[in-house]
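Just so we're on the same page: letters track the sequence lines, and every chain starts at 1.
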Amino acid sequence: MDYQFKDIEQKWQQFWADHQTFKAEDNSTKPKYYVLDMFPYPSGAGLHVGHPLGYIASDIFARYKRLKGFNVLHPMGYDSFGLPAEQYAIQTGQHPAITTETNIATYRRQLDQIGFSFDWSREVRTSSPDYYKWTQWIFMQLFNSWYNKAIEKAEPISVLVKHFEEHGSTGINAVCDEEILSFNADEWKAMSHDEQQAELLKYRLTYLRESTVNWCPALGTVLANDEVKDGFSERGGYPVEQKKMMQWSMRIAAYAERLLQGLDTIDWPEPLKEMQRNWIGKSTGASVRFPIENQESRVKSQEYIEVFTTRVDTIFGVTFVVLAPEHELVKELTTPEQKGAIEAYITQTKKKSELDRMADTKTVSGAFTGSYVLNPLNGEKVQIWIADYVLAGYGTGAVMAVPSGDQRDYLFAKHFNLPIVPIMDIQQIETEADPTKDGRYINSDFINGLFYNEAVKSVVAKLEEIGAGKAKVNFRMRDAIFGRQRYWGEPVPVYFKDGLPYLIEESELPLVLPEVDKYLPTESGEPPLGRAENWLYKQAPSKSPPEGETSSSHMAGSYRETADPVYYEQLKDFSRDNRNQPTEAENILWQLLRNEQTGFKIRRQHAIGQYIADFVSLQKGLIIELDGHHHKLNKEADDARTEVLNHLGFDVIRFINDEVLSNPQKVANDIKQKLQVIPDRKKVSPAGGDLEGAYAYELSTMPGWAGSSWYWYRYMDAHNDHEFASKKAVEYWKDVDLYIGGSEHATGHLLYSRFWNKFMKDMSLVVEEEPFKKLINQGMIQGRSNFVYRLVDEEGRGTNTFVSHGLIKEYKTSPLHVDVNIVDNDILNIQRFKEWREEYADAEFVLEGGKYICGHEVEKMSKSKFNVVNPDDLIARYGADTLRMYEMFLGPLEQSKPWNTNGIEGVFKFLRKFWRLFHNEQWVFTVSNAEPSKAELKSLHKIIRKVEEDVERFSFNTSVSSFMIAVNELTDLKCNNKSILQDMVIVLSSYAPHMCEELWTLLGNEAGTLSYATYPKFNGTYLIEDEFAYPISINGKTKMNLSISLSLDASATEAVVLANADVLRYLDGKSPKKVIVVKGRIVNMVV
RNA sequence: GCUCAGAUGGUGGAACUGGUAGACACGCAGGACUUAAAAUCCUGUUCCCGUAAACGGAGUGCGGGUUCGAUUCCCGCUCUGAGUACCA
């Protein structure tokens, strides 16, 4: 039979799913290999052709590693909390869980049809309570920890408490807030409980603090720095403003040094590491205190101004000090005479938006406070200025200005006529600052005549001696804000008592996201969770449940206890199917329930915890379920579900689909009656019980990066109810061996993940310091737009005539985007163009060579540019194997490139040609058992080695070319030798798995065994040549080729060359000055 | 501005430690099969000169260097893309 990719691909995808072919073993004697793709967010648009690029590469690698005898973990799941689903919910009122579910279904369908070898039994979703239970749990561990700088490691907070109890605050070297109390052990014990908790909060790795945040009013949330671009939100492009807010933060800065050092131990692309290094922004220097002159008279709060400098050696060149306008001492330092000028300057700075301030880096501006500081080393009096080139958020918000060495200081000094003192003998400062470190110091007191290294040492020593400063390392990286004022995220497992945060009990996890009526902030500006009814924490009567007994109050836990796990899974599957396809009965009934026809507001497809109820009245606490045939089989699951919902204070009534279909009005009336008789839902807390003495929960949810900061561990043990992953699983799988994804995660996900990983390592929860050993960035796939050129008439109006691209110079035209899906190799399908839009139905064309050629341009892939290519269409036309190979054939994985289907035919032809090797002229499967010829073995072993080399260095595009060469050779050899072809099938199977599985079984092998076959062993003896066609070159220019036996050594080869008649003709009588012979490579003669 | 990556035919790209530049594929041109088209197959295809072949010359962004020999190594520059931005 001819190559029927559709049947073949469907057949094998089904087979893999049915037989769980790619399920990784947890107990294996094989070495482990963990291949991971970056967690996708299931967006509504589904996959475009750029997404699978990385997945295909990792899949080829995973399949290859299986053939090489590894136990491969290659999982997939969804980072399913996030803004887009919530935005959609706000616009449509549909629960984000439903949107997310639908999107995931689309993703899954698209992923499946590309034939990936994912172990789907380990799928995770960050928005599932089973999963976020452990995200919340890790949050709790962070809350219960502090960072001990003495041992460069996080420790339980109990260690700190013990130290406080025994020694007070002395001897503690912690990463903590700036304002901490000093106390002895007795003073600590004398503190009230609240005072102690408030103090501990300053040490916890996750803590509350007032911070300036990027507040986006349009999105109603706080954005991370990397989600803001030029003062606008990256998603949606809404304006972002600075706002002070009480926020959960994570002390990632505690790990700055380890995050930096760790980069040297991992195999990541250099640009990516560089981005992280810049983001961490380590600078080594010194902090120096400049005493404020005459400070008794005005300044009381502080005696000095502290600055950070990386050039402490230039301290004798300081001629003024500059503070950020926001600096806390500005007010106190301003003299009455300068008050006007300073206030005017501050007002002017505030008015400038972030954007203006960035655009305008040329203008020099500032104001004099009227006060002075003294240079701590020579007592010189220098002026204190304020200027907006000094940033409040970096260092101490103050700089010592050295105009001779720093260009900004130089411009400032010139502009305000401040002194400029040279400090190096070789400094050239006539027109600009000279930051040189070479030369010897001048005008510099005790370091005069010294070189840089000596000078730094002796200045730091002197400063330490007089207590005016010390060597210091500064980081640019700030603590990460960990909270957003949104609905669709993990609830923070914290409640507030007397204004202080406390964790809920571990046994009460997961804290399930409550229902809200709208996904918007409350009228008083609180986050959407503020809308949740009775969203309050009631402490369990006994502080923690007895050993071995879990709280029965939370939904997922209780559900699993009341229901058999099998039913639990069935129910999950059922709700999944059901949600995607509302039944006819549901649709009919909805028409009778909507718009309060029953007298009560009914919601459709509303999420109650992790379940979606068909219909619900929140007021009455009544859930209406419609049961199809499915339920008859799963009555027990339904009962269990009812039990859980009852437990949550809901009544449940059920109808059978047939009842609704035969008499919908009766069903509606039954519902109406029921609603009238039952009382309004009694107020219960999500944790059960009444709400007497309950506390407010935290209302913000976790940010997008929470769930993705540890997910690779969940895949190791995805269904564990007792731990985030078992110790055994973590110790076996350890870390990710290969991680593939885009570089857009450089300073977000990849930094936070490393941070959580290091923390988890400190807590002995995991074993590796770095989570991702090897990382590869796949390049972006850009769009390739096509254009048609509309003829413009004399009045400048567009006509309905279109000019082919080659002729546009002769006409006046304007370009218009045209859908790339109706263009083939830049040739417009005129018929489909006319059908594309009504207005083009009568379009006329100026053709060249009978064809309409379109113009093209590389742009971002986007709907508005009509250049989005969906993998579905290509798979329908060529099949998944062709798509897989073509995406690889496009070029190096890491390189960005425009998508362009121009070459896809060639890949398809190649696969067909491969198929044909196994078939005769009549497409009947025929292979021979003859001994393979030397030439056949040579072709085979060339490709065996080539694919090994290419895959190991992630050069997938060159393998595809080599496959083509091999198949071309075997076709020329008319090869249909079984042993050769069988090995070819194994080698090709990671690239084109469906076709290879089919051929594998046709060759008589057991179905499904190909994935775990053994990669053929390379044998170099088949490649040994006895002759080589040497290129003979004269002065480096190749003139001819000459075949010479490889058994000859260099001098014998030279003799053969010099005796050759053609060579002599080229030499034209001259004798070569020198002859270079590289055996098996080249002969070069110098004349 | 700084940091990083990159630049090879009409197009995507190959050339791994310096050793025949343009593999493989697309496109294009010519041919075979066909009444015709599609599909398929065959041949050619870096550019320039020459009627064709042999042959000759130029050629990997630009300028220079090292070398018997440079797409590859070194120096300077141009352009493109990405990241970052008054970081003291």
Side-chain angles (χ1 to χ4, degrees), chain A residues 226 269-279 281-283 285 307-312 314 322 324 357-358 360-364 387-391 393-402 405-409 411-412 474-477 743-744 746-747 777 779-780 782 784 825-827 849 856 858 886 889-892 894-907 909-910 912 946 949-950 953 955 957-968 1029-1041 1072-1078 1080-1087:
Chain A
D226 53 313
E270 203 46 52
L272 194 83
K273 292 201 208 177
E274 200 59 33
M275 267 189 250
Q276 292 212 343
R277 285 194 193 104
N278 289 338
W279 192 262
K282 178 180 179 175
S283 46
V307 303
F308 175 75
T309 175
T310 51
R311 287 296 302 274
V312 73
T314 64
V322 191
R357 229 168 124 165
M358 278 195 309
D360 179 23
T361 57
K362 296 263 148 56
T363 325
V364 178
D388 62 6
Y389 80 85
V390 177
L391 305 175
Y394 184 76
T396 60
V399 303
M400 58 178 222
V402 184
D406 182 286
Q407 185 59 19
R408 285 157 314 168
D409 296 345
L411 292 172
F412 196 83
N474 212 26
F475 291 96
R476 189 173 82 103
M477 186 167 68
S743 61
E744 66 272 20
T747 52
N777 281 135
M780 261 206 307
Q782 295 143 314
R784 186 180 188 275
N825 280 328
D826 290 338
I827 297 164
H856 66 89
V858 173
Y886 183 62
F889 185 63
L890 224 42
E894 293 97 324
Q895 226 167 74
S896 287
K897 54 227 153 201
W899 178 257
N900 174 353
T901 44
N902 285 354
I904 200 166
E905 291 277 351
V907 174
K909 277 190 218 163
F910 153 75
R912 208 158 159 248
K946 179 74 175 155
E949 284 172 355
D950 285 353
R953 66 190 169 103
S955 173
N957 57 324
T958 49
S959 296
V960 179
S961 299
S962 305
F963 278 126
M964 291 174 173
I965 295 168
V967 168
N968 288 346
Y1030 281 93
I1032 310 297
S1033 53
I1034 294 172
N1035 292 337
K1037 277 279 164 202
T1038 307
K1039 295 292 173 187
M1040 57 177 286
N1041 282 350
K1073 251 189 269 174
K1074 193 175 172 189
V1075 180
I1076 294 109
V1077 178
V1078 183
R1081 287 248 185 225
I1082 201 167
V1083 176
N1084 189 22
M1085 284 173 285
V1086 189
V1087 179

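Across all strands shown, A:Y1030 has no heavy atoms under 4.0 Å from either base or sugar-phosphate atoms. Residue contacts for A:I965: at a heavy-atom cut-off of 4.0 Å it reaches the sugar-phosphate backbone alone, with no base atom in range. At the heavy-atom level, A:N1084 lies under 4.0 Å from base atoms of the strands shown. The residue A:N968 sits close only to the backbone: its heavy atoms come under 4.0 Å of sugar-phosphate atoms, none of a base. Looking at heavy-atom distances under 4.0 Å, A:P892 makes contact with sugar-phosphate atoms alone, never a base.
Not counting sequence neighbours, the partners of A:K282 by the salt bridge (charged side-chain N to carboxylate O under 4.0 Å, His left out) test are A:E257. A:E274 meets the salt bridge (charged side-chain N to carboxylate O under 4.0 Å, His left out) test with A:R277; sequence neighbours excluded.
Spacing of C1' atoms, B:rG9 relative to B:rG59, comes out at 10 Å, to the nearest Å. Comparing B:rC55 with B:rA21, their P atoms sit 15 Å apart, to the nearest whole Å. Rounded to a whole angstrom, the distance from the C1' atom of B:rA23 to that of B:rC16 is 14 Å. Across B:rA7 and B:rU71, the matching P atoms stand 14 Å from one another, rounded to whole Å. Rounded to a whole angstrom, the distance from the C1' atom of B:rC24 to that of B:rA14 is 7 Å. Between B:rG69 and B:rU80, the distance separating the two C1' atoms is 31 Å to the nearest Å. Comparing B:rC28 with B:rG83, their P atoms sit 36 Å apart, to the nearest whole Å. Here, B:rA58 and B:rC42 have their C1' atoms 32 Å apart, quoted to the whole Å.
Here the P atom of nucleotide B:rC4 and the CE atom of A:M275 are 13 Å apart, to the nearest Å. As rounded to whole Å, 20 Å separates atom P of B:rU3 from atom CD of A:Q276. Here the P atom of nucleotide B:rA88 and the CZ atom of A:F475 are 13 Å apart, to the nearest Å. The distance from atom CZ of A:R953 to atom P of B:rU17 is 8 Å, rounded to the nearest whole Å. As a whole-Å value, the separation of A:K897 NZ from B:rA5 C1' is 14 Å. Residue A:M780 contributes atom CE, which lies 12 Å from atom P of B:rG81 at whole-angstrom precision.
Between the A:K946 side chain and the A:F963 main chain, no donor and acceptor come within less than 3.5 Å of each other.
Between A:N957 and B:rA14 there is a side-chain polar atom (N or O) within less than 4.0 angstrom of OP1 or OP2. Note on A:R408: a side-chain N or O is less than 4.0 Å away from OP1 or OP2 of B:rC87. Side-chain N/O atoms of A:K909 include one lying less than 4.0 angstrom from OP1 or OP2 on B:rC26.
An anti orientation is assigned to B:rG50, its glycosidic angle lying beyond 90° of 0.
Using the Watson-Crick or G-U wobble rule with both distances under 3.5 Å, B:rU72 pairs with nothing in any strand shown. In this structure B:rU20 sits in no base pair that meets the Watson-Crick or G-U test at under 3.5 Å. As the counterpart of B:rA7, B:rU78 is assigned, both hydrogen-bonding distances of the Watson-Crick or G-U wobble pattern falling under 3.5 Å. The nucleotide B:rU67 finds no pairing partner, because no Watson-Crick or G-U wobble arrangement with both distances shorter than 3.5 Å includes it. B:rA85: no Watson-Crick or G-U partner with both key distances under 3.5 Å is found in any strand. Of all nucleotides present, only B:rG44 satisfies the Watson-Crick or G-U wobble test against B:rC28, with each distance under 3.5 Å.
With B:rC87, B:rC86, B:rU40 as the candidates, the nucleotide lying closest to the side chain of A:R912 is B:rU40. Picking from B:rG83, B:rA85, B:rA25 the nucleotide with the shortest atom distance to the side chain of A:F889 gives B:rA25. Among the nucleotides B:rC24, B:rA88, B:rG19, the one closest to the side chain of A:V1078 is B:rG19. For A:S961, taking side-chain heavy atoms from C-beta onward, the closest of the listed nucleotides B:rA23, B:rC68, B:rA88 is B:rA23. The A:D388 side chain lies nearest to B:rC86 when the options are B:rC16, B:rU20, B:rC86. In this structure, the nucleotide among B:rG19, B:rC4, B:rA88 sitting nearest to the side chain of A:I1082 is B:rG19.
Atom CH2 in A:W279 sits 6.0 Å away from atom CZ in A:R476 (nearest 0.5 Å).
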In B/S/- notation (B base, S sugar-phosphate only, - none; protein heavy atoms under 4.0 Å), nucleotides 6-11 of chain B written 5' to 3' is ------
